[in-house]
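Below is one structure; the comments refer to it alone.
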2 protein chains.
Amino acid sequence: MSDVGPYTHRMALRFDPIAEARRQWDSHGWGATDAMAAVTSISRAHQIVIGRINDLLRPFDLTFSRYEALVLLSFSRTGALPLGKMGERLMVHPTSVTNTIDRLERDGLVARAPHPVDRRAVLATITDEGRAVTKLATDALVEAEFGVGELRTETLRDLEASLRKLRRDAGDFE
Amino acid sequence: MSDVGPYTHRMALRFDPIAEARRQWDSHGWGATDAMAAVTSISRAHQIVIGRINDLLRPFDLTFSRYEALVLLSFSRTGALPLGKMGERLMVHPTSVTNTIDRLERDGLVARAPHPVDRRAVLATITDEGRAVTKLATDALVEAEFGVGELRTETLRDLEASLRKLRRDAGDFE
DNA sequence: CGACAATACTAGGACTTCCAACTATCGGCC
DNA sequence: GGCCGATAGTTGGAAGTCCTAGTATTGTCG
């Protein structure tokens with residue numbers, strides 16, 4: 001088990017493929033090289049990080065998106081939220097929330113309930129089992145520092161700051 | 001069309017949902033908060049950036065992953081590469097390459113050819129049409145700075161540097 | 001009050017990514 | 001030379017994301 005995980009499905013290259021892409025890109029005179037490299041890096045980083053986290057969550061039969069939904073519910077005052085509000089907070093499309101809640105409900109970690117006032121809305125309510133699994137999964141993730149333990153706190157914060165700008169420009173908040 | 005794009009499917013919140021998650025996380029005493037925030041940020045940033053790029057590529061009937069494959073082929077000396085090598089360079093699973101090439105082949109942008117020496121291997125070869133579309137798509141992406149034009153060059157480079165560490169630690173290269 | 005727009009959710013389809021398993025071929029080693 | 005592990009690619013299936021479209025309910029406004 002010296003391997004970093006299943007998402008690393010081949011030998012390490014002797015060069016950085018993104019640095020190589022940057023070189024080629026420049027030599028073709030294609031422009032916006034920094035943007036290209038940043039975007040490609042984000043893409044690959046996402047793939048790595050999600051892969052690691054899903055590996056950590058597999059023992060609990062969870063994925064990161066389902067885990068995020070559980071955490072959001074466990075943080076809410078009553079353990080219940082309308083699906084629409086969940087979509088806003090999790091920053092995903094409404095249909096993704098439906099999908100996620102379908103699976104969590106099937107697994108007994110969440111239950112759907114009618115909204116007391118608005119009959120269009122549906123409340124997702126976390127179950128006791130849902131809370132228990134969330135606790136265990138959180139312990140595992142924190143223990144493994146979400147798979148990014150090699151990075152220093154400073155690097156993590158730099159990352160978050162740069163990406164916050166991106167998110168704000170995209171209209172996520174403010 | 002003052003909207004930033006389809007992937008922004010709701011009003012902006014008045015607060016940053018990741019800052020809010022960070023606050024809640026801390027108040028529950030859960031640990032590894034910086035890691036949690038960084039990972040969540042990467043995830044959301046990926047979603048935003050890919051969404052923008054795919055919007056830009058839609059007129060060419062391309063997606064980012066297919067575009068990346070085309071660029072890789074167009075950069076290669078002969079315009080052809082074994083699928084396995086493409087997977088290494090693009091850092092994706094072999095089955096993803098098969099899937100991508102299937103679609104590009106269906107669209108006439110790439111053709112499969114037998115490897116001259118190794119009969120196990122398959123060469124993906126970019127067609128003239130593939131090269132033409134790649135050129136047009138590249139112009140569009142560069143013009144739009146890959147959807148991250150609001151970020152300064154310095155920020156883009158910081159991002160790339162932080163993520164390079166992550167990628168190296170994950171065994172992508174070196 | 002009644003028409004019409006807006007909101008909340010769900011259904012169906014496209015796309016990507018991964019994993020597990022299977023086939024075909026290559027290569028090393030006795 | 002022949003066996004057997006490694007390598008290359010494909011197939012089938014599970015998940016996630018998004019988009020478009022459709023139903024039900026709410027709310028606004030003449």
Side-chain angles (χ1 to χ4, degrees), chain A residues 5-11 43-44 46-55 57-58 61-69 81-88 90-107 112-124, chain B residues 3 5-11 43-55 57-58 61-69 81-88 90-107 112-124:
Chain A
Y7 49 92
T8 301
H9 29 68
R10 35 116 200 72
M11 264 40 26
S43 202
R44 173 60 183 154
H46 170 258
Q47 186 186 16
I48 289 170
V49 164
I50 292 299
R52 284 185 175 178
I53 290 182
N54 284 336
D55 287 346
L57 292 176
R58 192 156 300 123
D61 198 23
L62 282 180
T63 59
F64 191 47
S65 52
R66 299 206 296 270
Y67 170 77
E68 283 185 296
L81 286 173
L83 301 201
K85 197 160 296 279
M86 295 187 70
E88 282 180 16
L90 299 173
M91 300 167 283
V92 296
H93 197 278
T95 55
S96 295
V97 180
T98 295
N99 183 358
T100 301
I101 297 298
D102 279 353
R103 174 57 189 268
L104 288 172
E105 189 173 32
R106 204 192 81 192
D107 291 347
R112 273 187 171 87
H115 190 290
V117 184
D118 187 341
R119 280 188 300 174
R120 291 170 302 182
V122 174
L123 288 182
Chain B
D3 196 33
Y7 51 89
T8 300
H9 30 65
R10 37 115 198 70
M11 265 37 23
S43 203
R44 173 60 182 154
H46 170 259
Q47 186 185 13
I48 289 170
V49 164
I50 293 299
R52 287 184 175 180
I53 291 181
N54 284 336
D55 287 346
L57 291 176
R58 192 155 301 123
D61 198 23
L62 282 180
T63 60
F64 191 46
S65 54
R66 299 206 295 272
Y67 170 76
E68 283 185 295
L81 287 173
L83 302 201
K85 196 159 295 276
M86 294 187 70
E88 282 180 15
L90 299 173
M91 300 168 282
V92 296
H93 197 278
T95 53
S96 296
V97 180
T98 295
N99 184 343
T100 301
I101 297 297
D102 279 353
R103 174 58 190 267
L104 288 172
E105 189 172 32
R106 202 193 83 193
D107 292 345
R112 273 185 170 87
H115 190 290
V117 186
D118 187 342
R119 277 189 300 171
R120 295 170 301 181
V122 173
L123 289 182

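A, B, ... follow the sequence lines: proteins, then strands. Residue 1 opens every chain.
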*Mark yes or no for whether B:Ser96, through its side chain, and B:Val92, through its backbone, hold a donor-acceptor pair below 3.5 Å.*
no
*Letter per nucleotide, 5' to 3', of nucleotides 24-29 of chain C [B base touched, S only sugar-phosphate touched, - untouched; heavy atoms, 4.0 Å]*: -BS---
_If the cut-off is 4.0 Å, is A:His93 near the phosphate of D:dC19, judged by side-chain N/O to OP1 or OP2?_
yes
*For atom CE of A:Met91 and atom P of D:dG16, their distance in whole Å*: 17 Å
*salt bridge (Lys or Arg N to Asp or Glu O under 4.0 Å) against A:Arg120, all qualifying residues, sequence neighbours excluded*: A:Asp118
*asked:* Is A:Gln47 close enough to C:dC18 that one of its side-chain N or O atoms is under 4.0 Å from OP1 or OP2 there?
replied: yes
*Between D:dC19 (C1') and B:Leu57 (CG): distance, integer Å*: 17 Å
_Set of side chain to side chain contact (heavy atoms under 4.5 Å, CB included) partners for B:Arg112, sequence neighbours left out_ = B:Leu83, B:Thr98, B:Ile101, B:Asp102, B:Glu105, B:Val122
_So B:Thr63, base contact, sugar-phosphate only, or nothing? Heavy-atom distance under 4.0 Å._
sugar-phosphate
*Gap between atoms CG and P, on B:Asp55 and C:dC15 respectively (whole Å)*: 15 Å
*How close do A:Pro82 and A:Leu123 get, heavy atom to heavy atom, and via which atoms?*
N-CD2, 3.4 Å
_Counting only heavy atoms and a strict 4.0 angstrom limit, can you tell me which residues of residues 96-104 of chain A come near DNA chain C?_
A:Thr98
_I want to confirm an ordering. Mapping B:Arg112 and A:Ser65 to their closest nucleotides on DNA chain D, which one lands closer to the 5' end?_
B:Arg112
*asked:* Just to verify, what does B:Thr63 make a side chain to side chain contact (heavy atoms under 4.5 Å, CB included) with, not counting sequence neighbours?
replied: B:Asn54, B:Ser65, B:Arg66
*Could you state the atom-to-atom distance from NE2 of B:His46 to P of C:dT16 in whole Å?*
12 Å
*A:His46 and B:Val49: side chain to side chain contact (heavy atoms under 4.5 Å, CB included), yes or no, with the steps?*
CA-CA 11 Å; A:His46 170 258; B:Val49 164; over 6 Å; no
*asked:* Can you identify which nucleotide, out of C:dT10, C:dC9, D:dG9, has its nearest atom closest to the A:Thr95 side chain?
replied: C:dT10
*So which heavy atom on B:Gly87 is nearest to which on B:Val97, and how close?*
CA-CG2, 3.5 Å
*Euclidean distance, atom CD1 of residue A:Ile53 to atom P of D:dA15 [Å, nearest integer]*: 18 Å
_Could you report the tightest heavy-atom contact between B:Val117 and B:His115, atom names first, then the distance?_
N-ND1, 3.0 Å
*Given atom CZ of A:Arg66 and atom P of D:dA15, what is their separation to the nearest angstrom?*
7 Å
*Which residues share a side chain to side chain contact (heavy atoms under 4.5 Å, CB included) with B:Ala45, sequence neighbours left out*: A:Ile42, A:Leu163, A:Leu166
*Write down the distance between CD (A:Glu105) and C1' (C:dC9), rounded to a whole number of angstrom.*
13 Å
_Without decimals, in angstroms, what is the distance between A:Asn54 CG and C:dC19 P?_
10 Å
